[in-house]
Amino acid sequence: MSVTTEIDFTVGSRRVFSARREVARWNFDLETILSDNHTAPVPPAPGPDGLEVISAPRPAVPAILARFPEHLVGGRVEFRRHYVDMGMGLEAYMARFSSKTRSTLRRKARKLAREAGDYRISAFRTAEEVAAFLERALPLSRATYQARLLDAGLPEALEERRGMIASAGEDGWRCFLLEAAGRPLAYLALEVRGRTLVYTHVGHDPAFEALSPGTVLQLEALEHLFDEGRFAWFDFTEGEGAHKERFGTACAECSSFLLLEPTLANRSLTRGREAFDAAVAAARMTAGRLGLLAKVRSLLRA
C-alpha cells in the first residue's frame, strides 16, 4: 500500500518547499529496534516512487541498502530515538534525575499554578473520554506550531477522529490534558501498540510557553502511566530534542531515509535537496562565524 510523503525543504522548523512522492512506508517500531536481531526484516513492496524507511536501527541500514542497490538514497537523517524503560518503576525513574532537576521540575509546576491559575490534569482512555478530549483539545491544537508548521496537530478530519475514538474503544489510546482556569494549555495523546506507548500527538499553548505547561504535563502523565503498570516502553519516536532527552532513560541510534526509483525526476529531487541542505548548513556556519566575530570586536572595543 502506497502513501503520499512530503519531501520537505526546511530552514529550522519552517518548511520552505515540499515535493510529493508516492511511496510504501517501512516503519520500524521500538520493540523491533531494541531486539537483538539486526538483520533487516522483509520490506513492504515499494510504491510507485519507492520506499520511505522510518527509524531503521543503524546496524540494519547496510542490509536495507543492499536490498535496493539501484534505488536513490535521499533525505537521510541520523538521530537517537529516545524512550523510557517503564519496567524500572516510578521510584527508580525519578531517582535518575539530579536533586537540582527534581527541584526545577517542582518549581515549574508551582510557577504554572501561580501565574496561570491552579491547573488540573485529566486522563482520557475510553471511547467516550477520548471523544471529550478531542473536543476540548482540538482548538488548542490548531494554535500549536505542530499544526501550523508541521501538519502534525490532532486529527481534524471527521473520519480520522472517528478512527481514533473507535481505537480508544479497544484500549488503543492514553490521552492527557492540562487546563488552567478552564483553558486548555497542553495536551498529550499516546497511541497504545502492544506494550508500548507511542508519543503520537503533543502540543501546548504558545502564549504560555514560558510557563512550561508541556513539561509539567509530561511528568505527571508519566507518573500516572507508571502507576498503571501495564506498559514496558514509552517511545518518543523518531527525531531528537531536549525534552525527549530529559525525560528518556535510554536511546537507540536510528536512521530515516528515502529509497527512490532512479527516474530523472527523482534524481533531480534528491540532488536539489542535497544542494539546498548544504546551502542552509553553509549559511548557518557563516552566520555563526559572523556572530563570533561581532562578539570579539565588541570585547576588543570594551
Side-chain angles (χ1 to χ4, degrees), residues 1 3 5 25-35 41 44 52-57 60 77 79-88 93 121 123-127 129-131 133-134 137-138 141 144 146-147 150-157 160-178 186-204 214-215 217-256:
M1 176 180 173
V3 297
T5 189
R25 191 163 283 161
W26 192 5
N27 200 334
F28 288 76
D29 61 33
L30 183 65
E31 291 198 37
T32 299
I33 292 168
L34 296 181
S35 69
E52 181 179 23
V53 181
I54 301 175
S55 206
V77 179
F79 58 91
R80 295 174 298 163
R81 183 161 173 163
H82 294 276
Y83 61 90
V84 178
D85 179 357
M86 302 292 289
M88 67 172 50
Y93 178 74
I121 292 175
F124 306 83
R125 176 173 173 173
T126 68
E129 290 169 350
V130 170
F133 165 79
L134 288 172
L138 267 170
S141 172
T144 64
Q146 286 90 346
L150 305 176
D151 295 327
L154 288 168
E156 291 275 358
E160 291 178 329
R161 295 202 305 272
R162 285 175 174 170
M164 184 172 174
I165 293 166
S167 176
E170 299 176 355
D171 201 33
W173 288 88
R174 297 291 185 275
C175 301
F176 300 88
L177 184 66
L178 184 153
Y187 64 84
L188 179 61
L190 310 168
E191 187 177 359
V192 177
R193 296 180 190 167
R195 299 188 304 150
T196 303
L197 290 155
V198 181
Y199 194 67
T200 308
H201 300 292
V202 59
H204 65 268
T215 297
L217 176 59
Q218 178 71 69
L219 184 59
E220 294 207 24
L222 279 169
E223 291 176 356
H224 179 95
L225 295 165
F226 271 115
D227 286 342
E228 184 176 343
R230 173 188 160 182
F231 301 101
W233 315 105
F234 184 110
D235 179 12
F236 281 107
T237 70
E238 61 271 9
E240 297 197 49
H243 179 90
K244 296 179 178 183
E245 184 172 4
R246 175 188 299 150
F247 286 104
T249 60
C251 62
E253 300 289 335
C254 294
S255 298
S256 292

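Values reported hereafter were calculated over all heavy atoms of this structure, with side chains retained and with hydrogens, waters and symmetry mates removed. Not measured: the values here are computed from a predicted model.
- Minimum heavy-atom separation, Y187 to G153: OH-CA, 4.3 Å.
- Using the six-membered ring where Trp is involved, F124 and F133 have ring planes that are tilted, between 30° and 60° apart.
- Considering only residues two or more places apart in sequence or on other chains, Y93 meets the ring-ring contact (aromatic ring centres under 6.0 Å, His included) condition with F97, F226.
- The CG atom of L222 sits 6.0 Å away from the CE atom of M86 when rounded to the nearest 0.5 Å.
- Distance check, rounded to the nearest 0.5 Å: CZ of R81 to CG of L34 gives 8.5 Å.
- Side-chain contact between F234 and T249: absent, with no pair of heavy atoms (C-beta onward) separated by less than 4.5 Å.
- In this structure, V130 and C175 approach most closely via the heavy-atom pair CG2-SG, 4.3 Å.
- In this structure, CD on E156 lies 9.0 Å from CD on E160, to the nearest 0.5 angstrom.
- E52 and T5 share a donor-acceptor pair across their side chains, judged by distance under 3.5 Å alone.
- A 4.5 Å side-chain heavy-atom check between L138 and R161 finds at least one atom pair inside the cut-off.
- Annotation: side chain of Y83 is not in contact with side chain of I33 (no heavy-atom distance under 4.5 Å).
- In this structure, E228 and R174 have side chains that are in contact, with non-hydrogen atoms separated by less than 4.5 Å.
- Rounded to the nearest 0.5 angstrom, L190 CG and T200 OG1 are separated by 6.5 Å.
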Determine whether Y199 and H243 satisfy the following criterion, side chain to side chain contact (heavy atoms under 4.5 Å, CB included), listing intermediate values before the conclusion. CA-CA 12 Å; Y199 194 67; H243 179 90; 3.4 Å; yes
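- When every heavy atom of M164 is checked against every heavy atom of P155, the shortest pair comes out as SD-CG, 3.9 Å.
- Across all their heavy atoms, F28 and P57 have their closest contact at CD2-CD, 3.6 Å.
- Salt bridge absent: R230 and D227 never bring a charged side-chain N and a carboxylate O closer than 4.0 Å.
- Here the side chains of I165 and W173 are not in contact, with every heavy-atom distance at 4.5 Å or above.
- By the 4.5 Å heavy-atom criterion applied to side chains, L197 and V192 are counted as neighbours.
- Residues K244 and T237 form a side-chain contact, since some pair of their non-hydrogen atoms from C-beta on lies under 4.5 Å apart.
- Note on R193 versus E31: no salt bridge recorded, every NZ/NE/NH1/NH2 to OD/OE distance being 4.0 Å or above.
- Counting heavy atoms from C-beta on, the side chains of W233 and R195 come closer than 4.5 Å.
- Atom CZ in F236 sits 11.0 Å away from atom CD in E245 (nearest 0.5 Å).
- One finds the CZ atom of F231 at 9.0 Å from the OG1 atom of T196 (value rounded to the nearest 0.5 Å).
- Between the E191 side chain and the V198 main chain, no donor and acceptor come within less than 3.5 Å of each other.
- Among all heavy-atom pairs drawn from F79 and S256, the shortest one is CE2-OG, 3.4 Å.
- Contact detail for L217 and L188: the closest heavy-atom pair is CD2-N, 3.8 Å.
- With hydrogens and angles ignored, the 3.5 Å screen pairs a side-chain donor or acceptor of S35 with a backbone N or O of T32.
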